[in-house]
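Below is one structure, written out as structure tokens; comments come after it.
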Amino acid sequence: NNDEEGDGYDAPAPTLDGWDAGNVTTIEPAYPVSNPILGGNATDAADDEEDVIVDPFNNEMGGDEPPSLTLLLQKLDQSISPKSTVKDLINDSEWGDVFASLTPNDYAAIIKRVKVEFDQADVANMIAEVIEGFVCAHVIAAYGAVKEWTREQLVRKLLNHCTDVKENANSIFEILTDWERVCLERDFERVKEG
């Protein structure tokens with residue numbers, strides 16, 4: 001269409017009942033409208049350019065730092081999916097000693113860093129499988145690290161990993177709410193018998 005024939009968009013825009021199209025105000029933008037200056041110098045020679053490789057997963061996360069609890073907590077804080085991060089680190093042989101030697105308090109600190117509460121029990125379970133000497137004290141610490149609505153699931157998943165469950169199961173049972181005791185009663189019976 002050329003301008004003389006019209007383009008079919010000459011009709012006025014529809015308006016809402018009670019809306020006064022003449023009562024519209026506009027303001028100038030609050031930011032400068034000129035071309036922004038982004039910085040840097042112009043160069044003429046392609047030989048002056050240097051490739052810069054940026055690894056988004058290692059910057060500020062200790063790319064060369066040896067595995068440690070501190071680095072693990074830092075990685076969890078910066079992770080989009082702590083569950084995947086923990087799974088990957090557990091499968092990395094360099095991290096074996098860190099996970100194997102976790103104290104109950106260290107274990108609870110890791111679980112607290114899992115942002116998705118629904119994933120906390122799964123992460124706790126994955127780590128419990130690789131802790132050497134996982135005991136009821138680990139379960140008690142984890143219980144205190146999670147929200148009430150996830151505690152039953154957490155205890156159910158962790159009971160089977162406890163090496164001292166026959167002797168110390170009551171230490172876990174004592175901290176449970178009445179409802180959690182009812183829900184987990186058979187689980188406790190099963191691990192004490194097994």
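Every value quoted in this text rests on a predicted model; they were computed, and no experiment measured them.
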| message | For residues 158-174, which residue pairs pass the salt bridge (charged side-chain N to carboxylate O under 4.0 Å, His left out) check, not counting sequence neighbours? | response | none
| ILVMFWY clustering at 4.5 Å (side-chain atoms), partners of Phe118 | Val116, Trp149
| side-chain hydrogen bond (donor to acceptor under 3.5 Å, both in side chains) with Thr177: which residues, sequence neighbours excluded? | Glu180
| Set of ring-ring contact (aromatic ring centres under 6.0 Å, His included) partners for Tyr143, sequence neighbours left out | none
| field | Set of residues satisfying side-chain hydrogen bond (donor to acceptor under 3.5 Å, both in side chains) with respect to Thr85, sequence neighbours excluded | value | Ser79
| Contacts of type side-chain hydrogen bond (donor to acceptor under 3.5 Å, both in side chains), residue Ser68, not counting sequence neighbours | none
| Contact list for residues 107-118, test salt bridge (charged side-chain N to carboxylate O under 4.0 Å, His left out), sequence neighbours left out | Asp77-Arg113
| remark: Ser171 meets the side-chain hydrogen bond (donor to acceptor under 3.5 Å, both in side chains) criterion, sequence neighbours left out, with none
| If you look only at pairs with a residue in residues 143-155, which of them pass as a salt bridge (charged side-chain N to carboxylate O under 4.0 Å, His left out), with sequence neighbours excluded? | Glu152-Arg156
| request: Mind jotting down which residue pairs meet the ring-ring contact (aromatic ring centres under 6.0 Å, His included) criterion with at least one end in residues 172-194? Sequence neighbours excluded, please. | output: Phe173-Phe188
| request: Enumerate the residue pairs fulfilling side chain to side chain donor-acceptor pair (under 3.5 Å) with a member in residues 86-101, sequence neighbours excluded, ordered by first and then second residue. | output: none
| said: Can you tell me how far apart CD1 (Ile172) and CG (Leu176) are? Round to the nearest 0.5 Å. | reply: 8.0 Å
All N/O donor-acceptor pairs, side-chain side in residues 121-139, below 3.5 Å, sequence neighbours left out:
{"from": "Asp122", "atom 1": "OD1", "to": "Lys157", "atom 2": "NZ", "distance (Å)": "2.3"}
{"from": "Asp122", "atom 1": "OD2", "to": "Lys83", "atom 2": "NZ", "distance (Å)": "3.1"}
{"from": "Asn125", "atom 1": "OD1", "to": "His161", "atom 2": "NE2", "distance (Å)": "2.6"}
{"from": "His138", "atom 1": "ND1", "to": "Val135", "atom 2": "N", "distance (Å)": "3.2"}
{"from": "His138", "atom 1": "NE2", "to": "Leu102", "atom 2": "O", "distance (Å)": "2.9"}

